[in-house]
Every structure is written in structure tokens, then in C-alpha cells.
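Both counts, for ligands and for their atoms, begin at 1 and track the order of listing. The first residue of the sequence shown is numbered 1, and numbering continues consecutively from there. Predicted model only: the values in this text are computed from it and were never measured.
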Amino acid sequence: MSMNSLKKYEDILEGISGGFFALDNQYRILYWNRAAEEGTKLLRDEVLGKHVFEVFPNAEHAEIGEMYRLAMKTRKFQTLESSYVDHRFEKWFDVRIYPNDGGISVFFQDITEQKREQRQKEMLMEVSHVINVAQHLDELCLNAGEQIAKFMDIPTKFVCIYRFDARSSLLHLMAPAITDVNINTEVLHQIVDVSTETIASQTTLKREVIITDELSKSTIAAQYLGEVEQHKLLSLISIPLIVQDEMQGILEVLSHKNVKYAGDDMQMLSVIANELSIGISRKRLMHEITVKNVELANEQKKTEEANETLKRFLATFSHELRAPLNAIVGFSDILTTDMEKIPKEKVKDFMKNINVSGRHLQALINDILDLSKIEAGRMELHVEAYPISYFVENVQRVLQAALDQKQVQLVFNIPDEVDNLVVDQMRFKQILVNLVSNAVKYSNKGGIVTINMRRIQYEIEVEVIDKGTGIKPEDMSRLFTAYRQGKNAYMADEGTGLGLMITKKLVELHGGKIWVESEWGKGSTFRFRIPIIVAGEIVESPDELTLIADTHRVVGSNGEQPLVLIIEDNPQAGQLVQAYLEEAGYKTEIARNGFEGLEKAKMLKPDVITLDMIMPVKDGWQVLKELKNHPLCAHIPIIIISITDDKKLGFSLGAVEYFVKPVSKNELLDTIGKISSRPLLRKKHPKVLVIDDDKSAAELVSVILESEGFDVMTALNGRRGIQLAMEEKPDLIILDLMMPDITGYTVAFQLKQEPETRNTPIIILTSHEVDEESKEQLQGFITGIMSKSRFTKRDLLREISTIEKMK
Ligand code: ADP
């Protein structure tokens, strides 16, 4: 070839945009064009004459080296796309190799950019795929986290995805999975506020991308700094996930690049972040819809069940109701019209008949109301600790007349270990009285009814044994339904036939079960078991409390701080409990609803669980039941914290007792007896003020009290009540909650404001359960009364410290 034509070729080779070089058969570089210089930043003089593998050492054993050798050997054209990486480059090339006379010519084109775009597109598709196919939010976050880790070429654990809960201002870590990393609760649920230094929290506040090298403020990386260094990770990128102005969460990733260059990946990351935000918000919406649907379905089911109950009830009980009512109307008709003509003993007889029928009707209506309330899911239990002796005395007293009449004796066998019970006082009494009264009723004259109680692991078992008539095998299955043996004729002093059905439901509401063994002619044994809910002894002085908090070093099952799982849907309430517990040296974990509570209980196996009773979707009693039935959780002590405990609220208003109307004389006098140790009531004729708009109710109370030597005044509305209270300064006030002018809550509240009446004990007497509206009213009071929160705190610490002692 002439110099001229050579020059011409050279001009062409210099002019082309791609890199070109030529090798001789010794692989020495003979030619190196300008584009090759520009593309590699290696100058012609540096490379000419050198072995190609000396210049590109990492090519020798790579596919590209193989291709050079192949072309050299076979003298055939070769083409490939290949990456080349060493300390100077990280590039992709499209390479064409032409054999020539002495060696090979190589044309190469830098396709790094295209390759990157292509890879990014694939990644993006992969990310949006995993986001779209995920069933749950967790799955979505975990899978997306994995893809993003691949994209960034970092370990999965360094991709954090947080979900933001605006209600509680908490960031909840969704990815990486808790099982992949060892992290504490503060990281799992990170509070977002100005004082929190973490990058995630800052990003949420600023709603801006943060790129930083302060890895110590990262979520996970801060705890794995060794690994961070090993992987040469230099910076952290934190991206807010926002959809339509609403913060959904945070994506936090580590980058191999330093702060200056980390932004290079931003374009791509923001596309991923966008997909992720939309995915999260969609899943959230779907979750909300599911929850709503479940709630709706529950509501509907309840309504249907209630309707069903009503139908069954009407079919069964219209007769039952009518019979005593007829007796009352009939006898009282005679008495009011022909009184003079009837002999005196007959009058007394008739009156007795009316009384007995009235009582029967009352019992029947009470039972029906109880049942309908249970069936409609509206019966809430108010559990608290009561000494066992309280129930023993109560059963004995309530059934005294029946016992005397049948000369039956009650024998209680209760070991010392069963010293108190955490139950709903009224409902537990009802269970016991129902079972024992049946046992007495079906005992033979002069018989013995035995009541045994014992602790079986985490349950209390109660046995009620009689040696009376027993139950026929064919009747056994119907016992706990609306059923009565002598069901043909109405007899006024007979039971309602609903007792056992109610008893069963009440036992179940306490998370327990009931069953029976019986032999016809020999007697029956009714047994029930309820889970033990632990509560502590009463710590009176605040000093003792501090003592518990400060010196009681708490130790959990694994020798570390014990973990308390707080199941609470209200974030503020949850945080409050958490604060109390953490201050006292416990580790805590919050679950926001029943489902989450169960999941976390199984996964984390906490030492103690605190449980809120009123939660959406799955309420506390349901959760309690499931926890107690689950092999992994059955042993975990549970403390019930029901914020909307009407009774407690009532008490914190200053009430010493809380009744449901109609109140029995005995109960009323009993309570008054309890508080009569107060000096004021030791007077000869203590003054009592009855405030009630229901005239006959007020009269009834007056009659009862006057016969016991009280000096009774009545006020038929709230205003008058307050006025009388101020003027007369009674020693005791009996107060109705529902009154037309101002409610009992207001009255109680106002009386507490005035120095004259502040210390007057108040007994609340209400005709029905406190409804939602009034509950709110009570709540309103309570926020104004500081002692409530202190009370909760003390209560809580003391209960937990008792559990610790029991271990
Ligand atoms: P009641 O109010 O009529 O007693 P219960 O629901 O308490 O209704 O009881 C239903 C039926 O179960 C009773 O009518 C009786 O036939 C039977 N029963 C309950 N307890 C006993 C017992 N201890 N011994 C024999 N029969 C019993």
C-alpha cells in the first residue's frame, strides 16, 4: 500500500466516531485512533507497541479476550457486547473484530449509557411488577426492597422502606424484614418530630430528598457500620414517598457513590419511589376498604343475629311474659274495684300473688335484656380485682332465703392460691348465683351444695356440685339453650329458663367455657373455667409506687428487660402506656389492632401483654380468647386496660358505688353500710339527698332509707338537686344520671367544684347502660381530672410488678 493510500485510510480511521485499534499477531497494539484515545483517555504513545492485555489486564480471561484469540485463530469476523471493568473504567462496549493480514482490527463503541438505560428499564419493570403483584403491604415493601437493593447493588438490609402513619406521626419500618436485621423498637416505630435526628424522620418533616454521608443517622446502616465499610458504601439517600401531597412513607438506600455523585442515581430512584408511593397508598386504601368491609359484615351479622334472636324470643316468650302480667292485672283489678268485698286474708294473698308475678316478670325481663345485649355484642365487661371472699359472701347472702327454706348448706372449698379474681364483678356474681341457685333448687331438702375453686395453670376452675335430682340424658344437650324442664305451666316462683343460657354466654365473655356432668337421680356438677387475668395488690402510697419503678429491677424471660406488648388502637393511649412502661425499665412494642396484636404476640412472645378492650374489627375479648387458645401465647399474662371503663369513670367522678336500676334494698344498704364508717354517717339520722327525675324511683329509695333511720330529701331534677345539696349539705347523695334538665354527670361535676359538697359521697343510680353520647360527656370530665392518668399509671405498674413476683 502506498503512503498516500495509507494516509487516506488513516484519515478515515481518525475521522470515525468509534474507537479503533489494530493488533499484530503478537497482540501488540499497532494502531490507536483518536476516538480510542478519547474514549479510554489512554494516549496513543502510552499504548502503541504494548501487548493488548498489558493495557487491558482484565480482558485476558474475559469473553472479550477469548474473542480476540478466536478471531486471530479462525481468521473470522467476531462481534460481541462486553463490559470492561478495572480501576480506571466501568464500561460497556459494542465490539467488532475483523481479521486482517497480520493480525486483527478492533472497532469499539461505548454503549455504557444505552446499557444502563436498558438495565434501568428492566429494573423499573421488575420493581413495578413486584409492586403490582404484591398481595399485602408487607409483601410489597419487602419485594420492592429486594429489587431496589439489586438495583443499587447493595445488601437488602440497607434498603429501608417506612410506612408513615399520620395519625400517630410514626414511621413504621416495613422493609427489611425484622427477621433479617436485629433492631430495636424505636427503629421499628420511629417517631417523627423536630427533635428526632434520624434522616428518615428529617425527610418526613422536610418532605425533601436528603443525601448525606452521616450514616450514623441512618436507620439500619448505623448498626452495621462494619458491613457498610466492607461493602464500600459511602452515602445515604432518603426519599419521601408522597402521593397527592400525602406522605406515604420513606425510602432509604445506601449508595456506593460519595455524596457528590450519589445524586446520579436520583432520576431512576425517584421513578422507583414514585411507583412505590402509589403502590403503598393503593394497598393502604385497599386495607382500609377491607377493614370497613369486615366491620360492615360484622355489623350486618350482628343485626341479623339480633333479628333472629328477637324472632325466637317472640315465639318463645310472649306467653311467658303474658302469664305473670295477666296475673298482676287480674288481681290488681279485683283489688282496686272490689276491695271492700274481699276478706282480709284474701287481699293479702292477692297482693302476694301480684308481688310474686311482678318479681317473676322482672326477672324475665332482666334476663331477656341481658341476653339481647349479649347477642347484639353490646355487653361490655368491666374487669377488676376482687377478693374471692366477696363473691362467697354475696352468693351466701343472695341465696340465704332459698337455703333456709330448703335447709341446704353451701360448702366452699377454695385454696389459698385463689385469693382474688379479676372479673366483671356483677357478671361473675351472676354466673355463680345462677349455678348455685339451680343447684339449691334441684337439691333435696337438707342437702349439701359444694363449690370448689382451683387454679389450673392459667385458668380458674369453678365446680358447683349438687346431689339432687340430676338431669336426664336427653335433656343435657338443651340445658344451655332457652329451655326449662317444667315448661308447660307457668309458676310464678319458678326460674325463667334462661339462666343457664345467660351463664354460658357470660362465661364465654370472660374468655372461658362451661360444661356439665349429671346423672339422673344422683345430682349434677356444673364446671366452668375462665382465664386468669392478673392484677396486683393495691399499692396505696405513691412512695411505694416510686419504689417499684425505681428499685424493682425488672428481668424478662431471656434475662433481659421484659418485653411488654401493648395492644391499643388509640395512638395517644398506646404511647402513654409505652412511656410509663419504658420509664419503669420495660421494653415495649405496640400493636395497633387485634390482628396485629395476635401476630406480634406469636412472633415476639412478650413477657406481658396489655390489652385494650374496645378496638375496631377485632375487639379485646376476641383477642383475649384467641391469645388464651394459642399454644405460643396461652401462658402470657394479660392486663386489661379499658380506657372507656364506665364504672371506673363513675368512680373517678367521686362515686363510691355504681348500680344499675332497679337497685335492691340489700345492695343499697350494704353499700351505705360500707361507707357509714365515715364520721358524718355515724350520726343518728344521716341526711340523704336523692336526685332523680323518676318520681317512683325516688320514692322507693326514700322509703327504703327512711325505714333505716335516714333523713331523706328528694330533688326531682338536677338543678334543684344542686341547690338542695348546697343548702342542706347532705351526708350522702344518691344521683340518677339521666335527667331531662341537667344530667347526673353535670350535677356530679358541679358538686365536685364546690367546697361545701366536694367531699360528699355520691352513689350513682342509673336505669340503663351509659350510652355513647354520655360516655363522651364522661370522657370530657375525665380529661379535666388529673388523678385519672395517675391512677392508670399506678395501676399498671403495680399489676406488672405483681406478675413479675409471681414468676
Ligand atoms: P331456670 O331459670 O329455669 O332454672 P336455667 O337455664 O337455669 O333455667 O336451667 C334450665 C334447666 O336446666 C332447668 O329448668 C332445669 O331443668 C335444668 N337444671 C339446671 N341446673 C340444674 C341442676 N343443678 N340440677 C338439675 N337440673 C338442672
_What's the separation between atom CD1 in Ile460 and atom CG in Leu421, rounded to the nearest 0.5 Å?_
5.5 Å
*Proximal candidate to atom 7 (O) of ligand 1 [heavy atom criterion; set Asn438, Val516, Asp367]*: Asn438
*asked:* Below a 4.0 angstrom heavy-atom separation, can you tell me which part of Thr503, side chain or backbone, both or neither, approaches ligand 1?
replied: neither
*asked:* Could you work out, for atom 15 (C) of ligand 1, the closest of Phe526, Trp520, Tyr442, Phe480 by heavy-atom distance?
replied: Tyr442
*Say whether, by atom type as modelled, one donor and one acceptor occur between the side chain of Lys472 and the main chain of Trp520 under 3.5 angstrom.*
no
_Is the contact between Leu500 and ligand 1 made by the side chain, the backbone, both, or neither, using heavy atoms and a 4.0 Å cut-off?_
both
*Hey, could you give me the CG/CE distance between Leu506 and Met426, rounded to the nearest 0.5 Å?*
9.0 Å
*Hey, looking at atom 25 (C) of ligand 1, which of Leu479, Ile471, Ile465 has the closest heavy atom?*
Ile471
*Should the ring pair Phe391 and Tyr386 be called parallel, tilted or perpendicular, given that the plane angle runs from 0 to 90° and is split at 30 and 60?*
perpendicular
*Any N or O of Thr469 that comes nearer than 3.5 Å to an N or O of ligand 1?*
no
_Heavy-atom gap Gly470 to ligand 1 smaller than 4.0 Å_ = yes
*Any ion pair linking Lys505 and Asp370 (charged N to carboxylate O, less than 4.0 Å)?*
no
*Looking only at atom types and distance, does a side-chain atom of Lys406 sit under 3.5 Å from a main-chain N or O of Lys441, one as donor and one as acceptor?*
yes
*Output the list of atoms in ligand 1 that are nearer than 4.0 Å to some heavy atom of Lys441, sorted by atom number.*
1 (P), 4 (O)
*Atoms of ligand 1 less than 4.0 Å from Ala439 heavy atoms?*
23 (N)
*Are Arg454 and Glu417 within salt-bridge range, i.e. N to O under 4.0 Å?*
no
